[in-house]
Amino acid sequence: MFRALFPRARSSLASTLSNSHRRSLLRIAMLSSKPQPEDCSKVLIFGAGNFGSCLASHLGDSQHRVYMWAREEKIVKYFNEHKRNLVYLTDHEFPPSITAVGPEMPGEALIDDVDVLLFAIPTQFLRATLQTLRPSLHLDRLPLLIFVNKGIEVGTNALTLEIIADTCGPEIAKLATFISVVERQPTSVSVASLTEAEAVKAATLFHQPHFRCYTGVDPIGIELSGALKNIYAIAAGMSDGLGTKLPGVIITRGLSEMTCIGTAYGASPLTFLGLAGVGDLFLTCSSSNSRNYTVGYRLGKGEKLDVIMSTLGSVAEGVPTTKGVKKIIEEMEINAPIANAVYDVLFNGKETQTAVKELMELPPSRELELPPSVGGPSRRLLEKLGVEKSL
Ligand SMILES: NC(=O)C1=CN([C@@H]2O[C@H](COP(=O)(O)OP(=O)(O)OC[C@H]3O[C@@H](n4cnc5c(N)ncnc54)[C@H](O)[C@@H]3O)[C@@H](O)[C@H]2O)C=CC1
Ligand SMILES: O=C(CO)COP(=O)(O)O
């Protein structure tokens with residue numbers, strides 16, 4: 001939980017915008033979600049899992065009015081009676097400003113009433129959720145749209161930006177904001193959108209002295225960072241589970257692979273040096289609380305993937321994402337031996353020990369060499385959105 005280590009205070013982010021922020025606010029003034037209230041926003045969070053609950057608690061503590069949608073009726077009922085989540089963060093008492101809603105999808109009346117829609121559900125379920133919500137989303141009164149899921153859709157290899165474009169159209173996708181939370185207690189987050197003013201609004205909503213927000217305009221890089229680092233967290237867990245302990249190697253080589261994949265895709269290589277890149281990679285690869293690290297660790301200890309997945313009790317996005325990334329790596333002919341090794345262990349039955357041994361036995365190669373920023377996938381995605389410039 002994002003415990004307040006500093007006195008509560010309203011963010012002054014909006015009033016301390018840099019000149020470049022101000023310029024981009026003017027540039028995109030034509031396309032925008034509805035204006036956000038100065039103080040208390042109404043936020044509807046989709047997903048009452050670990051992260052949806054965490055964010056609900058943070059926003060509820062920050063004096064916003066929060067609705068948290070859950071698919072399970074028993075979670076909704078129990079939450080509204082006890083201000084506790086029956087399944088996730090069960091020890092935590094939530095602030096009274098949060099109301100659970102569901103299990104039916106919220107109707108147009110609630111969607112119209114709130115200022116922010118925040119999606120905290122696993123990537124594989126986002127398309128169906130957005131399809132259901134689409135008739136209630138109207139460009140002339142669109143709430144601020146925030147997405148925190150991290151992953152790549154299996155089957156289509158789509159990033160979330162593309163899933164939004166497919167289901168809700170390019171105009172709505174251009175307004176989407178992506179948030180990647182890195183440290184916890186105190187917390188630092190990256191907030192990015194193609195429409196920077198939307199990122200600034202989202203940062204203003206979340207920003208607190210114990211919850212620092214940094215904005216950016218490379219949502220594709222932020223999305224790829226968040227999705228890819230989970231693969232390297234699985235690798236780090238695997239090597240620790242085996243007892244080979246290669247954290248420095250996996251983090252630095254993982255960062256190099258992530259940056260190569262991202263650059264070839266068309267993201268900015270600098271994004272991978274930020275909080276959502278190396279920051280989150282370091283955190284996830286070295287945390288036994290990470291579900292992705294835990295999947296790797298248990299594989300390293302000899303457990304089978306199906307047993308691990310059925311007992312984890314929560315999503316490990318790195319597993320489906322490894323499948324999606326494999327296709328992307330092959331299409332772009334990127335050298336990503338760690339991601340390939342994780343794929344072979346997860347889906348080709350390769351022993352973890354063999355995978356680590358083979359990685360160590362690879363011939364010498366240049367340590368750092370970025371591929372040309374051809375940017376095919378990113379260019380296609382931006383074209384779909386009607387954005388001409390590359391990032
Ligand atoms: N941006 C960030 O910094 C972080 C992002 N995440 C991401 O947030 C997403 C959710 O993670 P957690 O809450 O930790 O997962 P979780 O496993 O704790 O909870 C998953 C939630 O999704 C819901 N769900 C399951 N199936 C669904 C379906 N078919 N349709 C709609 N909802 C469904 C569950 O009821 C539950 O509320 C993941 O993509 C994860 O990678 C998680 C932590 C930090
Ligand atoms: O993506 C996530 C946080 O960045 C959630 O995954 P972990 O549980 O592996 O940390």
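Whatever order the structure lists them in is the order used to number ligands and atoms, beginning at 1.
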Report the part of E317 (side chain from C-beta onward, or backbone N, CA, C, O) that has a heavy atom under 4.0 Å from ligand 1; answer both or neither where that applies.
-> side chain

Any N/O pair Y293/ligand 2 closer than 3.5 Å | no

For T284, the ligand 2 atoms whose distance to one of its heavy atoms is below 4.0 Å | 9 (O), 10 (O)

If we number the atoms of ligand 2 from 1 as shown, the ones under 4.0 Å from a heavy atom of K229 are 1 (O), 2 (C), 3 (C), 4 (O)

E317: heavy atom below 4.0 Å from ligand 2, yes or no?
-> no

Electrostatic pair E361-K357, nearest N-O below 4.0 angstrom = yes

Test: K326 cationic atom under 6.0 Å from Y343 six-membered ring centre, within 45° of axis | yes

Consider ligand 1: state whether an atom of it lies below 4.0 angstrom from any non-hydrogen atom of R291.
-> yes

Check ligand 2 against N230 and write out every atom of the ligand that is under 4.0 Å from a heavy-atom position of the residue.
-> 1 (O)

E358: what forms a side-chain hydrogen bond (donor to acceptor under 3.5 Å, both in side chains) with it, not counting sequence neighbours?
-> K350

Is a side-chain N or O of S41 found less than 3.5 angstrom from the main chain of V43, in a donor-acceptor match?
-> no

If hydrogens are left out, which of A227, A128, P122 has an atom nearest to atom 22 (O) of ligand 1, that is, the closest non-hydrogen atom?
-> P122

Shortest reach to atom 19 (O) of ligand 1 by a heavy atom, considering only S180, A48, S290, G49 = G49

Is L59 reachable from V189 through a run of hydrophobic residues whose side-chain heavy atoms are each under 4.5 Å from the next?
-> yes

Using a strict cut-off of less than 4.0 Å between a Lys/Arg side-chain nitrogen and an Asp/Glu carboxylate oxygen, indicate whether D115 and K34 qualify as a salt bridge.
-> no

For A236, the side chain to side chain contact (heavy atoms under 4.5 Å, CB included) test, sequence neighbours excluded, returns I250, C285, Y293

Check whether any N or O atom of V181, backbone or side chain, sits under 3.5 Å from an N or O atom of ligand 1, and answer yes or no.
-> yes

Please indicate whether E351 has more than 12 foreign heavy atoms, meaning atoms of other residues, nucleotides or ligands, lying under 6.0 Å from its CD.
-> no

Can you sort out which atoms of ligand 1 are near E72, meaning under 4.0 Å from one of its heavy atoms?
-> 35 (O)

Side chain or backbone of K150 under 4.0 Å from ligand 2, or both, or neither, by non-hydrogen atoms?
-> side chain

Distance flag, aromatic centroids of H64 and H58, threshold under 6.0 Å | no

Charged N to carboxylate O below 4.0 Å: is that the case for K327 and E153?
-> no

Could you tell me whether K150 and ligand 1 have an N or O pair separated by under 3.5 Å?
-> yes

Taking 4.0 angstrom as the limit, do D91 and R84 come out as a salt bridge?
-> no

Note: heavy atom closest to atom 16 (P) of ligand 1, options S314, G313, G52, belongs to S314

The atoms of ligand 2 lying under 4.0 Å from a heavy atom of N292, numbered in the order shown, are 6 (O), 7 (P), 9 (O)

For ligand 1, is any non-hydrogen atom under 4.0 Å from I179's backbone (N, CA, C, O), its side chain (CB onward), both, or neither?
-> backbone

For V315, atoms of ligand 1 separated by under 4.0 Å from a heavy atom = 11 (O), 15 (O), 17 (O)

With a 4.0 Å cut-off, would you call R366 and E369 a salt bridge?
-> yes

Tell me which part of A120 gets within contact of ligand 1: side chain, backbone, both or neither, using heavy atoms under 4.0 Å.
-> backbone

Is the Lys NZ or Arg CZ of R212 less than 6.0 Å from the centre of Y214's six-membered ring, within 45° of the axis?
-> yes

N/O of N50 under 3.5 Å from N/O of ligand 1, yes or no?
-> yes

Between the candidates F178, F119, F51, which shows the shortest non-hydrogen contact distance to atom 6 (N) of ligand 1?
-> F51

Within-cut-off N or O pair, N149 and ligand 1, under 3.5 Å | no

Using a 4.0 Å heavy-atom threshold (strictly under), name the region of Y88 that reaches ligand 1: side chain, backbone, both or neither.
-> side chain

If we number the atoms of ligand 2 from 1 as shown, the ones under 4.0 Å from a heavy atom of D280 are 4 (O)

Is the number of heavy atoms from other residues, nucleotides or ligands within 6.0 Å of CD (Q36) greater than 12?
-> yes

